[in-house]
Every structure is written in C-alpha cells, then in structure tokens.
Amino acid sequence: MLQFFRKIRQNLLSEGKTGKYLKYAIGEIVLVVIGILIALQINNWNDNNKKSALEQEALYNLKVDFELNKAELEEVIETIESNIDKSVKILNFTGNKKTDNFLLDSLLIATVSGPIFDAQNGFLNDLISSGNLGILKNVELRSKLSSWEPNLEKLARKEGYMEEAESDVIQFVIKNGSWLNVDNFNLPKSKTNLKIPKSGFETSNNVMLSSLEFENLVENSVVYYNITLGSQKEILKLTNEILDLIQLEMDGQKK
C-alpha cells in the first residue's frame with residue numbers, strides 16, 4: 001500500500017504537477033490521521049469492553065460475598081435478640097422475685113452464647129490490596145466498600161466486650177453452679193449427638209438467683225449484647241446498601 005502511494009507521488013512530481021502533488025500529500029496526511037484516530041478509537045473501545053467485563057465480574061463476586069454476609073448477619077442478630085429476651089427473663093426471677101416455678105437451667109445458656117459475625121471478605125480484600133477498587137465506576141459504592149472494614153473493626157471490639165461479659169458468667173457458674181445441669185437440660189433439644197452424664201452433686205442452679213453478683217453479671221451480659229446488637233444492625237444496614245448499589249450497577253450494564 002505504501003509503495004502504491006509512493007509511486008503516485010513520484011509520478012506527480014515527474015510530470016511537474018506540483019499543485020496536484022500538494023493536494024495529494026495533504027489528502028494522504030488526512031487519511032493517515034483518520035486511520036490513527038480510528039485505531040485509537042478501536043483500542044479505547046476494546047479497553048472499555050475489557051474494563052466493563054472486569055467490573056461486571058467484580059460486581060458478581062461482591063454480590064455473592066455480601067449476600068452471604070447478609071444471611072449470616074440476619075441469623076446472628078436473631079440469636080442475639082433471643083439471648084437478650086431470655087436473659088432479661090432471668091432478671092425477672094432474681095432475689096426476692098425468685099419462684100419455684102422457674103427453672104434457670106432452661107435459660108442460662110442464653111447468657112453465654114452470643115454468636116460472632118464472621119464476614120466474607122475474600123474478594124473485597126483482594127480488590128483493595130491489588131489497588132483495583134477503582135475498577136468500580138460507582139463512587140458511592142466504592143465509598144461504602146471502603147467503610148466496610150472499619151465498621152467490622154468497630155463491631156469486633158464490641159463483640160470482644162460481649163465475650164468478656166459472657167466469660168464472667170461462665171466463671172461464676174463454674175464456682176457456684178452446675179454446667180452439667182444446664183447441658184443435660186439443653187442437649188436433648190439440640191442437634192448434637194453428644195451425651196453426658198448427670199451431675200454427681202445434688203445442686204440446683206436456681207440457688208444462684210439469690211446472688212446479687214449473679215444478677216449483676218447477667219445484667220452486664222444483657223447490656224453488652226444490646227451494644228453489640230446495635231453495631232450488627234448498623235452493618236446489616238450497610239450490607240443492604242452495598243447490595244442495592246451492586247444490583248443497580250449490574251442492571252445498568254445490562255442495558
């Protein structure tokens with residue numbers, strides 16, 4: 001092709017047609033520029049298609065992770081709310097409110113069994129550590145994803161306080177009651193196949209209801225459950241917002 005254009009230029013010059021040569025040269029330059037612009041446009045189009053495909057893949061993987069996070073959070077929140085209700089019920093029977101009709105073994109496990117939220121962060125961590133979070137065009141989505149880890153750290157601190165409160169209850173029961181009595185009441189209703197013998201001591205955990213220390217420890221557990229619950233609900237709200245933005249972007253790319 002280049003040889004073809006070169007022959008044309010040589011013929012025009014040899015024939016002394018300088019004016020036509022200049023016009024031809026200008027036309028040739030214009031054609032070259034147009035060709036370069038078209039090539040750049042094709043490259044940009046290909047790059048945009050690649051970025052769009054990578055973003056769509058990232059959105060899909062994020063959606064999978066955050067749907068799992070949402071499901072686990074909802075389960076964790078439901079358990080914490082149940083633990084609070086059951087622990088408060090215990091407080092209704094402490095001290096001079098104690099009655100023979102109430103069995104502490106039926107509710108005591110609720111004061112020490114607050115679940116911890118274990119977030120699915122694999123893909124998001126990879127996206128951030130690789131510096132590819134910018135592949136997501138939605139600025140609000142990037143901002144909320146960036147706030148995810150700090151919110152988890154905040155929750156982890158509160159879950160730590162909750163576990164300390166639970167540990168205090170556990171230690172009190174170890175010294176003043178019988179976990180065998182509690183487990184023998186609860187294990188038959190659980191899915192575990194674990195079988196344990198009855199306690200070799202004639203003791204009733206209801207005796208602990210007369211202890212002011214026990215009442216304080218249970219109340220402390222309720223307080224930290226409630227504090228943790230507040231953070232878990234905040235993270236669930238953030239999770240729903242992230243999922244809504246992800247879905248919005250995925251739907252937008254389909255159009």
Side-chain angles (χ1 to χ4, degrees), residues 62-95 97 102 104 106-125 127-128 133 136 138-173 182 186 190 208-209 211-248:
L62 287 169
K63 182 181 179 182
V64 170
D65 281 353
F66 277 91
E67 282 179 340
L68 290 172
N69 287 332
K70 179 179 179 179
E72 182 176 347
L73 265 172
E74 289 175 339
E75 185 175 339
V76 166
I77 287 172
E78 182 180 358
T79 301
I80 292 290
E81 288 177 334
S82 175
N83 284 358
I84 291 174
D85 290 341
K86 291 176 180 177
S87 298
V88 169
K89 188 174 181 180
I90 291 174
L91 295 175
N92 288 327
F93 292 93
T94 55
K97 298 173 289 184
F102 175 71
L104 181 58
S106 65
L107 299 176
L108 189 56
I109 196 70
T111 65
V112 297
S113 57
I116 302 299
F117 173 53
D118 184 18
Q120 300 290 326
N121 291 330
F123 187 79
L124 177 59
N125 288 342
L127 206 60
I128 293 174
L133 189 62
L136 304 174
N138 190 304
V139 176
E140 185 180 3
L141 175 58
R142 293 203 305 268
S143 175
K144 290 189 181 297
L145 288 172
S146 296
S147 70
W148 176 252
E149 188 62 33
N151 274 278
L152 287 182
E153 292 173 357
K154 178 181 176 182
L155 173 61
R157 288 194 295 271
K158 293 181 179 179
E159 288 176 335
Y161 300 143
M162 178 186 74
E163 288 182 311
E164 288 178 10
E166 291 177 331
S167 178
D168 290 340
V169 175
I170 290 172
Q171 293 305 314
F172 183 88
V173 176
V182 176
N186 290 283
S190 68
M208 292 187 292
L209 293 170
S211 168
L212 178 59
E213 182 181 357
F214 177 72
E215 180 185 72
N216 287 334
L217 291 174
V218 172
E219 192 272 343
N220 202 40
S221 187
V222 169
V223 168
Y224 281 110
Y225 277 154
N226 195 56
I227 291 173
T228 303
L229 179 64
S231 285
Q232 290 169 341
K233 287 185 175 180
E234 287 178 6
I235 291 185
L236 179 59
K237 180 176 179 289
L238 177 60
T239 301
N240 284 325
E241 291 171 347
I242 288 173
L243 282 171
D244 287 344
L245 288 169
I246 289 174
Q247 192 60 55
L248 184 66

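Quick caveat: nothing in here was measured; it's all calculated off a predicted structure. Counting from 1, the numbers follow the sequence of the chain as shown.
- Looking at L152 and N121, their side chains come closer than 4.5 Å, going by heavy atoms from C-beta outward.
- Two residues are said to be in side-chain contact when any heavy atoms from C-beta on lie closer than 4.5 Å; T111 and F214 fail this criterion.
- Annotation: side chain of M162 is in contact with side chain of I116 (closest heavy-atom distance under 4.5 Å).
- Residues F117 and N69 are in side-chain contact: their nearest non-hydrogen atoms beyond the backbone lie under 4.5 Å apart.
- Looking at E219, its side chain never comes within 3.5 Å of a backbone N or O of L91 through a donor-acceptor pair.
- The shortest heavy-atom contact between A110 and S87 is O-OG, 3.8 Å.
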Self-check item: Test side chain to side chain contact (heavy atoms under 4.5 Å, CB included) applied to L141 and I242, step by step
Solution: CA-CA 6 Å; L141 175 58; I242 288 173; 4.1 Å; yes
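- Here the CH2-OG1 distance, from W148 to T239, works out to 3.5 Å after rounding to the nearest 0.5 Å.
- For S146 (side chain) and R142 (main-chain N/O), a donor-acceptor pair under 3.5 Å exists by modelled atom type.
- Summarising the geometry of I235 relative to N151, their closest heavy-atom pair is CD1-O, 3.5 Å, with the distance given to 0.1 Å.
- Taken from OG in S167 to CD in E164, the straight-line distance is 8.0 Å, to the nearest 0.5 Å.
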Quiz item: Given E241 and K237, is the salt bridge (charged side-chain N to carboxylate O under 4.0 Å, His left out) satisfied, shown in steps?
Solution: CA-CA 6 Å; E241 291 171 347; K237 180 176 179 289; 2.7 Å; yes
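- By the 4.5 Å heavy-atom criterion applied to side chains, E166 and Y225 are counted as neighbours.
- Taken to the nearest 0.5 Å, the CG atom of L104 stands 5.0 Å off from the CG atom of L209.
- Within the 4.5 Å cutoff, side-chain heavy atoms of P115 are placed close to those of I80.
- Remark: the backbone N or O of S113 is paired with a side-chain donor or acceptor of N83 at under 3.5 angstrom.
- Taken to the nearest 0.5 Å, the NZ atom of K70 stands 7.0 Å off from the CG atom of L236.
- Side chain of S231 to backbone of T228: no donor-acceptor contact under 3.5 angstrom is found.
- Between L133 and L145, some side-chain heavy-atom pair lies under the 4.5 Å cut-off.
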Exercise. Step by step, work out the side chain to side chain contact (heavy atoms under 4.5 Å, CB included) result for N92 and F102.
Key: CA-CA 10 Å; N92 288 327; F102 175 71; over 6 Å; no
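- Around CD of E74, the count of heavy atoms belonging to other residues, nucleotides or ligands within 6.0 Å exceeds 12.
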Quiz item: Would D244 and L248 satisfy side chain to side chain contact (heavy atoms under 4.5 Å, CB included), going step by step from the backbone distance to the final call?
Solution: CA-CA 6 Å; D244 287 344; L248 184 66; over 6 Å; no
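- From D168, atom CG reaches atom OG of S221 across 9.0 Å, with rounding to the nearest 0.5 Å.
- Within the model, atoms CD of Q232 and NZ of K158 stand 10.0 Å from one another, a figure rounded to the nearest 0.5 Å.
- In this structure, V218 and T94 have side chains that are not in contact, with every pair of non-hydrogen atoms separated by 4.5 Å or more.
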